[in-house]
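The chain is numbered in sequence order, starting from 1.
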Amino acid sequence: MSHSAMNFTSFRYNKNIPILLLLAVFGGICLQAGFWGKGWVMLGFMGWVCLWQAEKILKETFLKRNFLRRLLVAFLFLFVWNVVATWWVRITGALWVISVANSLVMLVPLVFWWWVRKFFAEKYEKWLFIPIWISFEFAHHHWQLTWVWLTLGNTFLYQNEWVQWYEYTGVWGGSLWILLVNVVFWEIKEAFSIKKIAFLVALLAFPITFSWILREQKLLPTQKLNVVLVQPNIDPFTEKFNDCPRFIPFAKQAQILVDLTLQKFDKNADLVVFPETALDENFDERWVRKYPTFQKIDSLQQKLNVPVLLGVSTRIFTKEKSSPTSQYAPLSNAYYEDFNTALLLQKDTMFWYKKMILVPGVETIPFPEYTIFLKDFISDIGASFFLLGVGKEISTFPTSKAQIAPIICYESMYGEFLSKFVQKGADLLCTITNDGWLGDTEWQKHHLYLGALRCIETRREMLHCSNMGASAVIDVWGKVRSEIPYNQRTSMKAIAFTYQEKTFYTHYGDFLPKIALSFVGVIFLASLVRFFQKKLK
């Protein structure tokens, strides 16, 4: 038997293999447990410890050539984390593709950490991991394959009473907290001491206590708005679009919006909100008021004489190809680009905002100038796909009582991005979304409660209006109120408040991961120096 065959056999039949698999699976489950509900978040404080223990067993069991084994165990750990945390993606048919792809991406910071730790004393290696992972999460927020659902700080979506200090740190404070506790747990496991236990207790207790203190502060609203949220409950797979099997004509969809509005509207109303793509006809922006379906909503606004905020699909024509997502229209002999747009109708004025953060694989292809061929592949695996243009400018919508931040669907996941609306004067957040794409799954609640973290970061209330639900108002403490459950065609009268004070996070944004990036830069340079020093010896 060859040496390589002996190594494979020993790996396959070693008695520690079941323990390694258990640690990888349990660790992955731990890191996403906060998405199950309150209380489960505590498991996240030990998820990384499971992976590190698996690495230690590998190191002790296989003294040499254990890189591939570490890679396989780490991939299983990350894959379990991805699958369990985003199980709702299964309805699109792309769960396994997304989970595998994101697990491979998440291996990059782990491999980097494995390399740099060789140049530092063993007692520092777990501490090195903290800035490396936070830097990775930050990078994952800012590239064209962005997927931020598994950012560690999001773990507190249901337990946001513990993280009111996100008004200072954003979700990165939560990521730092989880990583720090994991490292201290590891240190205690390796060498128990009373001092370490005391430090761990303080590390757990101080953020929670500080959060409770913050909850006691008094924030005074500047305005009170009476709002009508409309949830038309039109299924995007079977009813919403003109290629659906039970397509509801656009004119009838517009009438549903009108009827639901009138059911709850009264003279005290200050704002009406419809969800994302409430009207989906690829309106040419030059002539939008000439479309009969649009005229129904335009007439409603004039009749009610209050602002109406809605999502529409719009199209812009140009003579030349203006971007990688521009497509040629032979009949018009011109190029067009489609946009996911938020629109505020107010008297004779319209305010526009085009979605700036698109969902990868659904609304955009990463690096479209090179990967346009992936459009057919995405359709082949069963995922719905719309090749959209990217908005260029953050803008707010002015009304008599509020300056509104128009946030479209997935954009509500990005803290610093939302803070820029507040910097531009927004005193009320409004997320319009079509969460029906993920069916009757955990997605609706997750999206809603992750939006609550943005309310804490900015101390702004949020109107969350969804096509199929859940729709709600979220207060500045992240508490959800006045909720419409999923799968109900109805509307709701609700009250929202505006606030003027800007938080530390609103002013300084993602300062924590930027500091982490600086640390990683120093770690990398120090590692390079030591690497070449060894080579020269």
Participant: A side-chain contact here means heavy atoms from C-beta on lying under 4.5 Å apart; do Leu343 and Phe294 qualify?
Facilitator: yes
Participant: Look at the side chain of Lys424 and the backbone N and O of Ile394, then say whether any donor-acceptor pair between them is shorter than 3.5 Å.
Facilitator: yes
Participant: Where does the angle between the aromatic ring planes of His140 and Trp143 fall among parallel (under 30°), tilted (30 to 60°) and perpendicular (over 60°)?
Facilitator: tilted
Participant: Please report the interatomic distance OG1(Thr341) to CZ(Arg315), rounded to the nearest 0.5 Å.
Facilitator: 12.0 Å
Participant: Carefully, step by step, assess Asp427 and Gln500 under the rule side-chain hydrogen bond (donor to acceptor under 3.5 Å, both in side chains).
Facilitator: CA-CA 6 Å; Asp427 49 21; Gln500 291 297 318; 3.1 Å; yes
Participant: Hey, is OH on Tyr508 packed in by over 12 heavy atoms from elsewhere, all under 6.0 Å?
Facilitator: no
Participant: Rounded to the nearest 0.5 Å, what's the gap from CG on Asp435 to CG on Asp440? Could you check?
Facilitator: 12.0 Å
Participant: Between the main-chain N or O of Val480 and the side-chain N or O of Tyr449, is there a donor-acceptor pair closer than 3.5 Å?
Facilitator: no
Participant: For the side chain of Thr151 and the backbone of Gly153, is there at least one donor-acceptor N/O pair under 3.5 Å apart?
Facilitator: no
Participant: I need the Asp510 CG to Thr169 OG1 distance, nearest 0.5 Å.
Facilitator: 10.0 Å
Participant: Side chain of Gln231, backbone of Pro485: donor and acceptor closer than 3.5 Å?
Facilitator: yes
Participant: So do the side chains of Leu463 and Leu428 get within less than 4.5 Å of each other, counting heavy atoms only?
Facilitator: yes
Participant: Other residues, nucleotides and ligands only: do more than 12 of their heavy atoms fall within 6.0 Å of NZ on Lys493?
Facilitator: no
Participant: Measure the spacing between CG of Asp235 and CH2 of Trp437 and express it to the nearest 0.5 Å.
Facilitator: 9.0 Å
Participant: Suppose we call two aromatic rings close when their centres sit under 6.0 Å apart. Are Phe156 and Trp177 close by that rule?
Facilitator: yes
Participant: For a quick test of reading the model, state the closest non-hydrogen atom pair linking Leu279 to Thr293 and the distance between them.
Facilitator: CD1-O, 4.3 Å
Participant: Go through the steps to decide whether Trp443 and Trp149 satisfy the test side-chain contact (heavy atoms from CB on, under 4.5 Å), and finish with yes or no.
Facilitator: CA-CA 11 Å; Trp443 155 270; Trp149 212 261; 3.5 Å; yes
Participant: Considering only residues two or more places apart or on different chains, which pairs with a residue in residues 464-488 satisfy ring pair (Phe, Tyr, Trp, His ring centres under 6.0 Å)?
Facilitator: His447-His464
Participant: Quick one: does any side-chain atom of Asn154 pair with a main-chain N or O of Leu150 as donor and acceptor, under 3.5 Å?
Facilitator: no
Participant: So does Ile234 get a backbone contact from the side chain of Asn467, meaning a donor-acceptor N/O pair under 3.5 Å?
Facilitator: yes
Participant: Any side-chain heavy atom of Trp133 sitting closer than 4.5 Å to one from Ile178?
Facilitator: no
Participant: Carefully, step by step, assess Asn340 and Thr277 under the rule side-chain contact (heavy atoms from CB on, under 4.5 Å).
Facilitator: CA-CA 7 Å; Asn340 191 342; Thr277 57; 4.1 Å; yes
Participant: Do any N or O atoms from the side chain of Asn182 and from the backbone of Gly47 form a donor-acceptor pair under 3.5 angstrom?
Facilitator: yes
Participant: Do Trp172 and Tyr166 make the cut of ring centroids closer than 6.0 angstrom?
Facilitator: no
Participant: Could you tell me whether Phe511 and Phe504 have their ring centroids closer than 6.0 angstrom?
Facilitator: yes
Participant: Work out which heavy atom in Gly478 is nearest to a heavy atom in Asn160; give both atom names and the distance.
Facilitator: O-ND2, 3.1 Å
Participant: May I ask you to test the Ser471-Ser466 pair for a side-chain heavy-atom distance under 4.5 Å?
Facilitator: yes
Participant: If the condition is salt bridge (charged side-chain N to carboxylate O under 4.0 Å, His left out), which residues does Arg481 pass it with, not counting sequence neighbours?
Facilitator: Glu461
Participant: Looking at every non-hydrogen atom in both residues, tell me the closest pair between Cys409 and Glu276 and how far apart they are.
Facilitator: CB-OE1, 3.5 Å
Participant: Could you pull out every donor-acceptor pair under 3.5 Å between side chains of residues 355-362 and any protein atom, sequence neighbours left out?
Facilitator:
from, atom 1, to, atom 2, distance (Å)
Lys355, NZ, Glu363, OE1, 2.7
Lys355, NZ, Glu363, OE2, 3.2

Participant: Go through the steps for Ile297 and Val258 under the test side-chain contact (heavy atoms from CB on, under 4.5 Å), then give the verdict.
Facilitator: CA-CA 7 Å; Ile297 305 304; Val258 171; 4.0 Å; yes
Participant: Would you call Arg454 and Glu457 a salt bridge, using N to O less than 4.0 angstrom?
Facilitator: yes
Participant: Testing the basics here: between Val273 and Cys430, what is the closest heavy-atom pair and its distance to 0.1 Å?
Facilitator: CG1-SG, 3.8 Å
Participant: Looking only at heavy atoms, what is the nearest atom pair of Phe397 and Pro406, with distance?
Facilitator: CE1-CB, 3.5 Å
Participant: Indicate yes or no: does Glu337 engage Lys354 in a salt bridge with an N to O separation below 4.0 Å.
Facilitator: no
Participant: According to the salt bridge (Lys or Arg N to Asp or Glu O under 4.0 Å) rule, which pairs have a member within residues 239-255, sequence neighbours left out?
Facilitator: none
Participant: Distance-only, no hydrogens or angles: does the Gln164 side chain make a donor-acceptor pair with backbone N or O of Ile456 under 3.5 Å?
Facilitator: no
Participant: Test side-chain contact (heavy atoms from CB on, under 4.5 Å) on Leu310 and Ile432 and set out the steps.
Facilitator: CA-CA 8 Å; Leu310 71 157; Ile432 56 174; over 6 Å; no
Participant: Hey, are the side chains of Lys296 and Gln255 touching, using non-hydrogen atoms and a 4.5 Å cut-off?
Facilitator: yes
Participant: Got a sec: does the NZ of Lys267 have more than 12 other heavy atoms crowding it under 6.0 Å?
Facilitator: no
Participant: Side chain of Ser419, backbone of Glu416: donor and acceptor closer than 3.5 Å?
Facilitator: yes
Participant: Any idea which heavy atoms bring Met106 and Trp81 closest together, and the distance?
Facilitator: CE-CZ3, 3.2 Å
Participant: Can you name the residues that form a side chain to side chain contact (heavy atoms under 4.5 Å, CB included) with Ala139, not counting sequence neighbours?
Facilitator: none
Participant: Could you state the interatomic distance from OH (Tyr336) to OG (Ser326), rounded to the nearest 0.5 Å?
Facilitator: 10.0 Å
Participant: For the residue pair Gln403 and Gln223, establish whether any side-chain heavy-atom pair is separated by less than 4.5 Å.
Facilitator: no
Participant: Are more than 12 heavy atoms from other residues, nucleotides or ligands located less than 6.0 Å from atom CD of Gln302?
Facilitator: yes
Participant: Within a radius of less than 6.0 Å around NZ of Lys479, do more than 12 heavy atoms belonging to other residues, nucleotides or ligands occur?
Facilitator: no
Participant: Got Thr261 and Phe274 here, is their nearest side-chain heavy-atom distance under 4.5 Å?
Facilitator: yes
Participant: Please check: side-chain N/O of Arg460 versus main-chain N/O of Ala426, any donor-acceptor pairing under 3.5 Å?
Facilitator: yes
Participant: So Glu137 and Pro109, do their side chains get closer than 4.5 Å, heavy atoms only?
Facilitator: no
Participant: Under a 3.5 Å cutoff, is there a donor and acceptor pairing between the side chains of Thr433 and Thr431?
Facilitator: no
Participant: Are Asn226 and Asn268 close enough that a side-chain donor and a side-chain acceptor fall under 3.5 Å?
Facilitator: no
Participant: Who are the side chain to side chain contact (heavy atoms under 4.5 Å, CB included) partners of Trp36, not counting sequence neighbours?
Facilitator: Ile29, Gln32, Ala33, Trp40, Val84
Participant: Check whether the side chains of Thr222 and Thr498 place a donor and an acceptor atom closer than 3.5 Å, and report yes or no.
Facilitator: yes
Participant: Distance check, rounded to the nearest 0.5 Å: Leu418 atom CG versus Thr506 atom OG1?
Facilitator: 9.5 Å
